[in-house]
Amino acid sequence: MLSPFAVVPARSTDDEWVVQRVCGKGVAGLLIESVEQAARRLGEDTIYLTTKDSQTLYARYGWQHAGIVQYPDCDLYLMHKALG
């Protein structure tokens with residue numbers, strides 16, 4: 001069963017552009033940590049996400065590969081993190 005914090009893939013290229021504009025400034029890490037803290041406050045034990053090409057970023061924050069999710073136009077990496 002997926003956590004309420006499971007993230008669905010963004011379909012907009014604008015989202016990628018915004019991320020590229022702030023790349024290297026620590027914004028992604030702050031967002032990841034913020035979501036993790038919110039999930040802990042809600043009592044979640046494990047959270048999940050999908051990503052097309054950012055698995056290295058999430059791995060730096062302790063996320064682990066859990067499989068591949070197949071969509072018609074691309075495959076996405078499924079990742080999870082225990083919040084214990």
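Please read all numbers here as calculations on a predicted model, not as lab measurements. We count residues from 1, following the sequence as given.
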Partners passing side-chain hydrogen bond (donor to acceptor under 3.5 Å, both in side chains) against E36 (at least two apart in sequence or in another chain): W63, K81

Those residues that, when tested against Q64, pass side-chain contact (heavy atoms from CB on, under 4.5 Å) (two or more places apart): H80

Nearest-0.5 Å distance that lies between atom CG in L83 and atom CZ in R41: 12.0 Å

For I68, the rest of its hydrophobic cluster, which grows through side-chain links under 4.5 angstrom: Y77

Pairwise distance NE2(H65) to OG1(T51) - rounded to 0.5 angstrom: 12.0 Å

Atom pair CZ/CG of R40 and D45 - distance to nearest 0.5 Å: 11.0 Å

Inter- and intrachain pairs under side-chain hydrogen bond (donor to acceptor under 3.5 Å, both in side chains), touching residues 53-62, at least two apart: none

Contact check, side chains of L57 and I32, non-hydrogen atoms, under 4.5 Å: yes

From CD (Q70) to CG (L78), nearest 0.5 Å: 12.0 Å

